Every structure is written in structure tokens, then in C-alpha cells.
Protein chains: 2
Amino acid sequence: MRTIYLAGPEVFLPDAAEVLAEKRRLARQYGFEVTGPGSDEKDAPSGVASAHDIYIRNQVAMDAAEFCLANITPFRSISADVGTVYEIGYMVAKGRKVWAYSNDHRPYADRVWSDWHKSEGQAEKQGKDGKAIESHGMKDNLMIDAGIALGGGQVLAPEAPVADIDRDMTSFIKALDLMSKL
Amino acid sequence: MRTIYLAGPEVFLPDAAEVLAEKRRLARQYGFEVTGPGSDEKDAPSGVASAHDIYIRNQVAMDAAEFCLANITPFRSISADVGTVYEIGYMVAKGRKVWAYSNDHRPYADRVWSDWHKSEGQAEKQGKDGKAIESHGMKDNLMIDAGIALGGGQVLAPEAPVADIDRDMTSFIKALDLMSKL
């Protein structure tokens, strides 16, 4: 059985249970056994012990998976959810087959410009915070995109804006289809 | 020689060269040989080939290091720089000794509340985006904090706001001091 770890910030959605169930159903349809964050984490008790429990559960699930498909759609920022990014780095280091998708069609550099509103006199590669903007045509920070690509994976994204950026399944399904043929 | 990978978003600062040189000087003072992102990346050519070159250089540097000290101060968001987070996940997976520090004194949940302005009628564990807010008293997403802690590392932070959040070295030095005794 081919096991896939589904990484992403859906666990934080108010309808996390429904969205995660649909993602799992689709992944199974493409021949994968599914591991990854459950739908109960947003209701987990506060505190360190609970956080460590969740971490250990996720790490066990990652270690058991041959594949990882990560949702790097921006989360509360211009970049992916950092929990998801941690998992991408972890899985690349473990030599797993890691792919990702973003439901934001824009490259990172365009996103910083659009969301941050260029000020007069700013250099082209500098944000409003005075810090440089990576401009490699990638979907997010180059460590994510390049780490995935150099490991043989792909980062997919739509060509145009999607209606529901948190729940659109088009790129997710496209990735599952391609990964099912690996 | 004990080699340390210094991860962080300083490479994007306008004075990256000076800040990185100072961090390297301090790490050497605590007995470490230093690897990690250079100060030339913000001036790197655009495009995929350049991004892959930088990635490979960073991965070689990570693989050569026994220790990792990551700056997880929020970057253009309420969370750490995603490139840095990728490296934390990577180094934890490789079994390295990973520590981190944030120059933001607030736990993640407080930061989301402060920076996102609670709206009337919102549930206590929900952001203005309707998504759940992790509330475990951690500095950032639990995958980062718990991954480091369960690997034997620590996440340090100041007790009160610092004057220059992008350049303050207090927690960095404290971490180096503790790590030099490992």
C-alpha cells in the first residue's frame, strides 16, 4: 500500500472535518492510504502536553509515509502555513517523495507586491519593510520550491484565481493524479 | 570542530552583510564553526537556476552541521520566515541538535490576537479569518516548538519587547552560550 501524508492548514478551518474527509476520500480514490493531521486538533486542549502529543502523532504519521502532498496556499500571511512548511522540510530530509500545491496563482514576488502595496521610491526587489523580496518566479520561499523540485517533486498552482482559496481541490486532484503514476 | 548552521531571515535585511558577520563572529566566539546562508543571496540573479544553486548550497551546509540555531522572529507575518522553518524541519529530521530563538516576546496566540484585532462576537480560539488559533503557549506553530523541544533543544525569547526586533542579539547569544555547553 502506498501511504501519503497530507500536510496543510485545513485543520484550522471551521469546517475542518468535512474538508479533510473530502481530501482523504480523494487520495484514497487515487490509490493512496492516507496519514496526516486529523480534524480534531483545533479542539485540542491548550498547553504544552497537548502540543507535544499532536507533534508526536504527526511525526509518527510522517515517518510512516512514502509520499507527502502539502498545501502551501498562503495562511494568515503571504507565505504558507509554517507547520506545513516544517513538515515539507522534514519529509525532504527523510528522502520522501514530496509534492505541493498552492491555490494562489501568483508567484511569491508578485504576491508580496500585491498584498504589501509598493511605496514610492522603493527598489524593485524590496518590500515596504525595507527587506529584500526573493524573485525567482517561485510559489513561495525558494527553500520550499527548490527543495521539492530537486527531490523530484512538483509544485502545482492554478493559472487564475480560484473561488475558494481555502477549499479548492483542483490542484490537489491534479497532484494526486500525477503522484499516483509515480 | 563543532559546526553550527545559522538559520534566519537576516539575509533579506538591507544590512545583511553586517548583521550576518556579527552573528558569525559571536558563534565563533562560543567555539563553533559557522555555516548557513550567506549575505549575497538578496543580490542573486532572478530565476530558477539561481534559486536551485542557493538551495543546494544551503542543503550542503545543513548536512555538514551538527547544530542548528534558527531565528524564528516573525517575518512579514505573525510567524517565522518559511525558509527558516523548512530548515528547522530538515535538521530535526536529520537528528541534528536544533535550537531557536524569537525576538518577539509574545506567544503565538497572543500575537495573532494583538496583530489581528479581535472582532466582536469571535470565539476565543478563532482569528478574524474564521480559522482556529493554536493556543499552547508556544512561540509559533506547535510543529516548530514541539519538534525542537522533543529533540532536546530549546526555544528562547526575551521577556519584554526589544528595541530592534530584526537585529537584537540577546537571545541569540543566550542560545549560543547554552549550546556551547552541550
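Protein chains get the first letters and strands the later ones, always in sequence-line order, with residue 1 at the start of each. Since we're looking at a predicted model, the values are computed, not measured. Note: hydrogens, waters and symmetry copies are ignored here, and every other heavy atom, side chains too, is used.
Shortest non-hydrogen contact noted between A/His136 and B/Pro45 is CE1-O, 3.2 Å. Residue A/Val85 comes nearest to B/Tyr86 through the heavy atom pair CG1-N, 3.6 Å, listed as atom of the first residue, atom of the second, then distance. Smallest separation of non-hydrogen atoms from B/Ala146 and A/Ala51: CB-O, 4.2 Å.
No donor-acceptor pair under 3.5 Å is formed between the side chain of A/Arg76 and the backbone N or O of B/Asp129. Judged by distance alone, with hydrogens and angles left aside, the side-chain atoms of B/Ser46 form a donor-acceptor pair with the main-chain N or O of A/Ser135 at under 3.5 Å.
Side-chain contact between A/Tyr90 and B/Met143 is absent, with no heavy atoms from C-beta onward closer than 4.5 Å. Within the 4.5 Å cutoff, the side chain of B/Tyr55 has heavy atoms near those of the A/Leu150 side chain. A 4.5 Å side-chain heavy-atom check between B/Met138 and A/Val48 finds at least one atom pair inside the cut-off.
In terms of heavy-atom pairs under 4.5 Å with chain B, the best-connected choice from A/Asp145, A/Asp81, A/Val92 is A/Val92. When the candidates B/Ala80, B/Pro9, B/Gly147 are compared by the number of heavy-atom contacts under 4.5 Å with chain A, B/Gly147 comes out ahead.
Hydrophobic clustering, with ILVMFWY side chains joined whenever heavy atoms are under 4.5 angstrom apart, keeps B/Ile165 apart from B/Leu156. Cluster membership for B/Val34 and B/Ile173, using ILVMFWY side-chain heavy atoms within less than 4.5 angstrom, is shared. Under the 4.5 Å side-chain heavy-atom criterion for ILVMFWY residues, a single connected hydrophobic cluster contains both A/Val19 and A/Ile4. Transitive grouping of hydrophobic side chains (ILVMFWY, heavy atoms separated by less than 4.5 Å) brings B/Leu69 and B/Leu182 into a common cluster. Linking Ile, Leu, Val, Met, Phe, Trp and Tyr whenever their side-chain heavy atoms come within less than 4.5 Å leaves B/Leu176 and B/Val162 in two separate clusters.
For A/Met62, the part lying near chain B is the side chain, with the backbone staying farther off; criterion is any non-hydrogen pair under 4.5 Å. Only the side chain of B/Ala149 comes within contact range of chain A, with at least one heavy atom under 4.5 Å from a heavy atom of that chain. Of the two parts of B/Asp166, only the side chain, counted from C-beta on, holds a non-hydrogen atom closer than 4.5 Å to a non-hydrogen atom of chain A.
To the nearest 0.5 Å, atoms CZ (B/Phe75) and CG (A/Asn141) are separated by 8.0 Å. Of the inter-residue distances, the one linking A/Leu142 atom CG with B/Asp53 atom CG reads 10.5 Å to the nearest 0.5 angstrom.
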